[in-house]
Amino acid sequence: DFEGSEIYIKHEPRLEGKTFATAALSYENSIPIGVLTADGSVDLCPSWGRVLRESDQIIGIAEDDSTFVLNETLREAPTIENRPPLEVDPRQILVIGWSEIASGLVENLLDSLPQGSSITVSAPNFEIDKWSSAFSNVRHLLEDIDRMSGLSRLVNGDQYDNIVLLCSRDRSIVEDDGINLMRLLELRQLLDDPNCRSAGANVVTELRDVSDVEIAGASGDDFVVSDRISSLLMAQLAEDPLLESVLDEILNVDGVEIITIPASHLS
């Protein structure tokens, strides 16, 4: 939303002929993340040595456009030692429920998950035959997901890192959200048990009515998704249409990713 930091795009003539590394280190209160070229193409996470042209614009994250300001003195980048690549552990993901949007979700996950990861789907309307022939790391476990006993067998049958609760979208919004809210409450109770094999798993829940998000409540390991995300994206684009290419690059599975890494990896 517009309350925290936002993505801004700005032309800085003083950076012409300088490297992106110099640009990255020459802002005091904001973080450059990429370059927008004259033809509208976006390069997020450009190479450290990319030389900026006169027509290039800097893409950055700042709390306000007034703080997205280049320092008076540009800072040249130091020599960076080569670091070993960051290794990401495989993820085991459980998807509970299925709808028309689930196919795209699973396909995007399969494209981005580390080697050795797997996706388990539990939903009565999931057609495993359409997936198993192409993806060996997708499986189907049929449990009664409308009962806590069925959910318990799921989260204790394997050790999952992430759990996704999807609406079926063949019911009314009220019914879909009511069912998912109940499943979320039951899952929280199950995952709070330290003896649960999936204890500590991150839970992402889909709710169709934004007003139901507050009902779901906050939890350190939960993330509740509603159509509010679409509204926020539209608001950002209404504010600055140039952000379309940036958001496409961030949200497209083939583009860049936002990840967290241990600070020790940068020391």
Side-chain angles (χ1 to χ4, degrees), residues 1-91 108-109 111-115 117 162 202 223 229-230 232-267:
D1 55 34
F2 293 105
E3 294 183 7
S5 296
E6 297 174 46
I7 297 175
Y8 295 97
I9 302 173
K10 192 173 185 180
H11 182 233
E12 286 290 356
R14 290 170 55 204
L15 290 175
E16 179 187 356
K18 301 293 185 181
T19 64
F20 181 77
T22 295
L25 296 172
S26 297
Y27 287 81
E28 188 69 26
N29 299 309
S30 51
I31 305 294
I33 61 172
V35 177
L36 177 67
T37 63
D39 63 2
S41 61
V42 168
D43 185 5
L44 296 183
C45 301
S47 66
W48 206 235
R50 171 174 176 157
V51 177
L52 300 172
R53 301 175 180 176
E54 181 184 6
S55 58
D56 288 340
Q57 298 187 70
I58 300 297
I59 305 167
I61 298 175
E63 193 164 335
D64 188 77
D65 57 352
S66 63
T67 64
F68 191 27
V69 179
L70 193 63
N71 294 345
E72 288 294 330
T73 302
L74 302 183
R75 182 179 176 186
E76 298 297 331
T79 301
I80 302 297
E81 298 179 1
N82 291 328
R83 302 182 185 275
L86 182 67
E87 295 184 2
V88 182
D89 294 331
R91 310 290 293 178
N108 285 331
L109 284 172
D111 286 340
S112 60
L113 287 171
Q115 191 73 22
S117 301
N162 300 77
N202 168 263
F223 185 77
I229 288 182
S230 300
L232 291 174
L233 288 173
M234 292 179 65
Q236 292 288 337
L237 292 174
E239 179 80 8
D240 186 356
L242 289 177
L243 287 175
E244 180 181 5
S245 298
V246 179
L247 295 173
D248 280 346
E249 183 72 10
I250 293 174
L251 297 176
N252 193 321
V253 70
D254 295 326
V256 302
E257 296 181 54
I258 298 174
I259 65 171
T260 58
I261 63 174
S264 59
H265 189 73
L266 303 176
S267 60

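The heavy-atom pair separating Thr19 from Trp48 by the smallest distance is CB-O, 3.7 Å. Considering all non-hydrogen atoms of both residues, His11 and Glu54 come closest at NE2-O, 2.6 Å. Of all the heavy atoms in Pro32 and Ala23, the pair that sits closest is CG-O, 3.5 Å. When all heavy atoms are compared, the tightest approach of Pro114 to Asp89 is CG-O, 3.4 Å. Between Asp39 and Ser41, the shortest heavy-atom distance links the atoms OD1-OG, 2.8 Å. Closest approach of Pro46 to Asp43, counting heavy atoms only: CB-OD2, 3.4 Å.
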- request: Take Ile61 and Ile33, measure what side-chain contact (heavy atoms from CB on, under 4.5 Å) needs, and give me the verdict at the end.
  value: CA-CA 7 Å; Ile61 298 175; Ile33 61 172; 4.0 Å; yes

message: I'd like to know whether Gln236 forms a side-chain contact (heavy atoms from CB on, under 4.5 Å) with Glu6, so could you lay out the CA-CA distance, the side-chain angles of the two residues, the decisive distance to 0.1 Å, and finally the verdict.
response: CA-CA 9 Å; Gln236 292 288 337; Glu6 297 174 46; 4.1 Å; yes

task: In sequence, state the C-alpha distance, the side-chain angles, and the governing distance for Val35 and Gln57, and then conclude on side-chain contact (heavy atoms from CB on, under 4.5 Å).
output: CA-CA 6 Å; Val35 177; Gln57 298 187 70; over 6 Å; no

Steps toward side-chain contact (heavy atoms from CB on, under 4.5 Å) verdict (Tyr27, Leu70): CA-CA 5 Å; Tyr27 287 81; Leu70 193 63; 3.4 Å; yes

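Taken from CG in Leu251 to CD1 in Ile258, the straight-line distance is 8.0 Å, to the nearest 0.5 Å. One distance of note links CG of Leu52 with OG1 of Thr37; it measures 11.5 Å at 0.5 Å rounding. Note that the CG atom of Asp240 and the CG atom of Leu247 stand 9.5 Å from one another [nearest 0.5 Å]. Separation of atoms CD1 (Ile58) and CZ (Phe20) is listed at 6.0 Å; rounding is to 0.5 Å. Between Glu244 atom CD and Leu237 atom CG the span is 6.0 Å, to the nearest 0.5 Å. Rounded to the nearest 0.5 angstrom, Leu242 CG and Ile7 CD1 are separated by 12.5 Å.
No hydrogens or angles considered: a donor-acceptor pair under 3.5 Å links the side chains of Glu76 and Thr22. When only modelled atom types and interatomic distance are considered, Asn71 and Thr73 share no side-chain donor-acceptor pair under 3.5 Å.
The only option from Leu233, Ile250, Ile9 that meets the side-chain contact (heavy atoms from CB on, under 4.5 Å) definition with Leu243 turns out to be Ile9.
Counting only distance, with no hydrogens or angles, the side chain of Ser30 and the backbone of Phe68 share no donor-acceptor pair below 3.5 Å. No donor-acceptor pair under 3.5 Å is formed between the side chain of Arg50 and the backbone N or O of Ala21. Put simply, the side chain of Ser26 gets close to the backbone of Arg75: a donor and an acceptor are under 3.5 Å apart.
Contact of the Arg14 side chain with the Leu74 side chain is registered, since non-hydrogen atoms from C-beta on lie closer than 4.5 Å.
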